[in-house]
Protein chains: 2
Amino acid sequence: MPQPPAPRRTAGRPARISREEIIRTASRIVSEDGVDRLTMRRLATEVGSTPMALYHHVRDKEELLVLLLDDYADRSLHRPEPPPADPRERILTAAVAIHDVLAACPWIVEVLTADDLLSASALWFVEQIVAGLADCGLTLEQAVHGYRAIWYFTAGEILVRATSARRRATDDRPTYRDRVFAGLDPAELPHLSRIAPRWAPLTAQDTYEQGLRALLDGLLDQAPG
Amino acid sequence: MPQPPAPRRTAGRPARISREEIIRTASRIVSEDGVDRLTMRRLATEVGSTPMALYHHVRDKEELLVLLLDDYADRSLHRPEPPPADPRERILTAAVAIHDVLAACPWIVEVLTADDLLSASALWFVEQIVAGLADCGLTLEQAVHGYRAIWYFTAGEILVRATSARRRATDDRPTYRDRVFAGLDPAELPHLSRIAPRWAPLTAQDTYEQGLRALLDGLLDQAPG
DNA sequence: ACCTGAACACCGTTCAAGT
DNA sequence: ACCTGAACACCGTTCAAGT
């Protein structure tokens with residue numbers, strides 16, 4: 001499994017802090033206090049060093065965050081044993097696995113959009129999805145596009161839900177959405193007006209898998225026959 | 001159309017700067033130099049005032065960003081005239097309109113996840129989607145869930161694409177993705193290895209509408225008959 | 001090669017006071 | 001009611017120097 005190259009340590013002064021120690025400590029800070037509280041300065045003092053020492057092991061804060069997400073995914077993503085025989089179920093299982101792991105750590109939001117792939121250990125799940133789509137009759141190109149669609153849906157669900165959840169937690173005042181929904185004009189927006197009182201509970205429901213199934217159904221219809 | 005309440009101006013000292021002026025100037029800064037360069041201090045000097053004067057017209061920076069997105073959507077979202085007669089096409093048209101407007105302003109990323117609705121003027125488009133889904137035979141509940149699925153997909157596509165585009169622009173060094181894809185094991189990840197050389201151009205293609213159609217097909221299959 | 005101290009160039013926001 | 005000055009409590013990162 002390819003990992004980002006650690007700085008070579010050939011000769012000279014022995015290292016006092018290691019990349020692993022940095023990542024381990026950063027993970028603890030994030031899980032205890034949230035990403036917002038992870039600063040280079042605090043991280044430095046908690047590993048018993050100075051801010052600048054960190055920059056010897058990590059290019060900058062953004063790289064640190066990517067490494068953190070990577071480390072988390074490596075520890076949390078578990079392959080289903082055995083993988084389902086049906087390709088359609090294999091796709092669903094893989095997508096749900098990625099989704100659930102990411103949805104469980106809300107701090108991901110800042111990092112998630114940084115690139116369209118996660119850790120090396122996540123690639124196995126991507127392979128399952130692409131392979132499953134191909135097994136269902138899509139061309140390899142269509143399968144890649146299909147994977148991307150699933151990824152967009154998954155990332156969007158996590159980002160939108162994570163942020164609105166954080167909002168609800170931090171904020172007691174009514175959201176902008178609440179204010180807008182309170183003043184709907186039934187003549188212009190009949191459906192929204194009718195559903196307005198049920199909007200909040202409805203959108204609080206977890207419909208990821210349901211939406212995923214719909215998307216997958218639609219994608220598989222592209223296959224000939 | 002409900003708007004967030006502006007601070008009442010009844011008596012006392014006449015206002016030197018207005019909320020509109022703040023939003024107008026902030027929009028200009030963002031469009032010229034990007035969101036990152038929008039600071040309360042700079043905004044203050046550009047409207048010819050002090051940082052603290054801004055806080056009299058706007059609760060905090062986050063509210064300012066939401067107001068900015070709102071203002072942008074109000075100016076940019078145009079209703080199709082006439083709306084397509086076919087409900088399926090009406091849904092697609094509305095979703096694509098929202099997508100295209102948001103995709104055109106990459107700074108949105110920071111704000112987009114803040115809530116699951118945009119400006120009041122976007123509600124008309126939400127209504128079109130919910131109404132179209134209901135017209136195709138979904139229950140109102142199913143239609144709301146369907147709208148959410150479309151929104152997740154749309155938001156995810158914009159967020160992921162906007163960030164990877166920004167990455168490509170800022171960064172010359174190969175991305176993490178490139179490094180990972182260069183070292184794939186064909187035995188363990190056969191499909192990914194085979195498609196690796198074509199991955200970058202494939203995922204650079206705009207497949208939003210194609211994915212949206214697949215998702216919509218899948219959603220409409222939920223309707224009885 | 002690895003680490004440190006001091007500094008640079010900033011942030012958003014609060015507070016107390018002015019008119 | 002609206003605005004100001006000064007300060008608080010921070011940031012990430014660069015630079016030059018130490019061992």
Side-chain angles (χ1 to χ4, degrees), chain A residues 4-23 25-26 29-30 33-69 107 110-111 114 166-167 170-171 173, chain B residues 4-26 29-30 33-68 107 110-111 114 166-167 170-171 173:
Chain A
R8 285 167 210 305
R9 196 164 310 118
T10 46
R13 195 162 166 171
R16 210 143 40 213
I17 53 176
S18 67
R19 194 175 223 184
E20 293 100 87
E21 192 189 351
I22 291 173
I23 293 176
T25 309
I29 294 175
V30 164
D33 293 340
V35 226
D36 294 347
R37 309 301 264 278
L38 176 68
T39 71
M40 299 302 269
R41 287 154 198 267
R42 174 168 171 193
L43 178 55
T45 67
E46 296 219 4
V47 297
S49 186
T50 63
M52 276 320 299
L54 302 177
Y55 287 87
H56 217 269
H57 298 85
V58 148
R59 190 202 306 263
D60 53 21
K61 194 180 179 180
E62 199 185 319
E63 186 185 273
L64 175 65
L65 287 173
V66 173
L67 289 173
L68 232 49
L69 176 53
W107 60 270
E110 264 93 320
V111 200
R166 182 163 53 183
R167 281 233 140 190
T170 351
D171 241 337
R173 58 192 153 118
Chain B
R8 289 170 206 299
R9 195 166 308 117
T10 45
R13 196 162 164 171
R16 214 152 26 221
I17 54 177
S18 67
R19 194 175 222 185
E20 293 101 89
E21 192 189 353
I22 291 173
I23 292 176
R24 202 180 337 118
T25 308
I29 294 175
V30 164
D33 293 339
V35 226
D36 294 346
R37 308 301 263 279
L38 177 68
T39 70
M40 299 303 268
R41 286 156 198 265
R42 174 168 171 193
L43 178 56
T45 67
E46 296 220 5
V47 297
S49 186
T50 63
M52 276 320 298
L54 301 177
Y55 287 87
H56 216 269
H57 297 86
V58 148
R59 188 200 311 259
D60 52 22
K61 194 180 180 182
E62 200 185 318
E63 186 184 274
L64 175 66
L65 287 173
V66 173
L67 289 173
L68 232 47
W107 61 270
E110 264 92 322
V111 200
R166 182 162 55 182
R167 281 233 139 191
T170 350
D171 242 336
R173 60 193 152 116

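Numbered from 1 within each chain, the chains take letters A, B, ... in sequence-line order.
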Let's see if you can work this out: which of [options] has an atom nearest to the side-chain heavy atoms of [X]?
X     : options               : result
A:P51 : C:dG12, D:dT13, D:dC2 : D:dT13
A:H56 : C:dA1, D:dT4, D:dT13  : C:dA1
A:M52 : D:dT4, C:dT4, C:dC2   : C:dT4
A:T50 : C:dG5, C:dA1, D:dC3   : C:dG5
B:Y55 : C:dT4, D:dT4, C:dG12  : C:dG12

- Message: Quick check on D:dC11: is either OP1 or OP2 less than 4.0 Å from any side-chain nitrogen or oxygen of A:T39?
- Response: yes
- Residue-phosphate contact under 4.0 Å: B:H57 side-chain N/O, D:dC3 OP1/OP2: yes
In whole angstrom, what separates [X]'s [atom1] from [N]'s [atom2]?
X     : N      : atom1 : atom2 : answer
B:L54 : D:dC2  : CG    : P     : 14 Å
A:L43 : D:dC11 : CG    : P     : 12 Å
B:L65 : C:dG12 : CG    : C1'   : 12 Å
B:I22 : D:dC2  : CD1   : P     : 12 Å
A:M40 : C:dA7  : CE    : P     : 21 Å
B:K61 : C:dT14 : NZ    : P     : 15 Å
A:D36 : C:dG12 : CG    : C1'   : 13 Å
A:L38 : D:dG12 : CG    : P     : 8 Å

- Message: Using every non-hydrogen atom in the two residues, find where A:L54 and A:M40 come nearest and quote the distance to one decimal.
- Response: CD1-O, 3.2 Å
- Message: Restricting to non-hydrogen atoms, name the atom on A:L64 and the atom on A:A26 that form the minimum distance, rounded to 0.1 Å.
- Response: CD1-CB, 4.4 Å
- Task: Indicate yes or no: at least one non-hydrogen side-chain atom of B:V35 is less than 4.5 angstrom from one of B:L65.
- Result: yes
- Assign each of A:A53 and A:R41 the nucleotide of DNA chain C bearing its closest heavy atom; nearer the 5' end lies the nucleotide of A:A53
- DNA chain C in dot-bracket, Watson-Crick or G-U pairs under 3.5 Å, [ ] crossing, | other strand? ||.|||||...|||||.||
- Full working for side chain to side chain contact (heavy atoms under 4.5 Å, CB included) between B:E63 and B:V66: CA-CA 5 Å; B:E63 186 184 274; B:V66 173; 5.6 Å; no
- Under 3.5 Å, is there a donor-acceptor pair between the side chain of B:H57 and the main chain of B:I17? yes
- Query: Can you list the residues that meet the side-chain hydrogen bond (donor to acceptor under 3.5 Å, both in side chains) rule with B:R37, with sequence neighbours excluded?
  - Reply: none
- Note on the structure: Contacts of B:R41 meeting side chain to side chain contact (heavy atoms under 4.5 Å, CB included) (sequence neighbours excluded), chain-then-number -> B:T39, B:P51
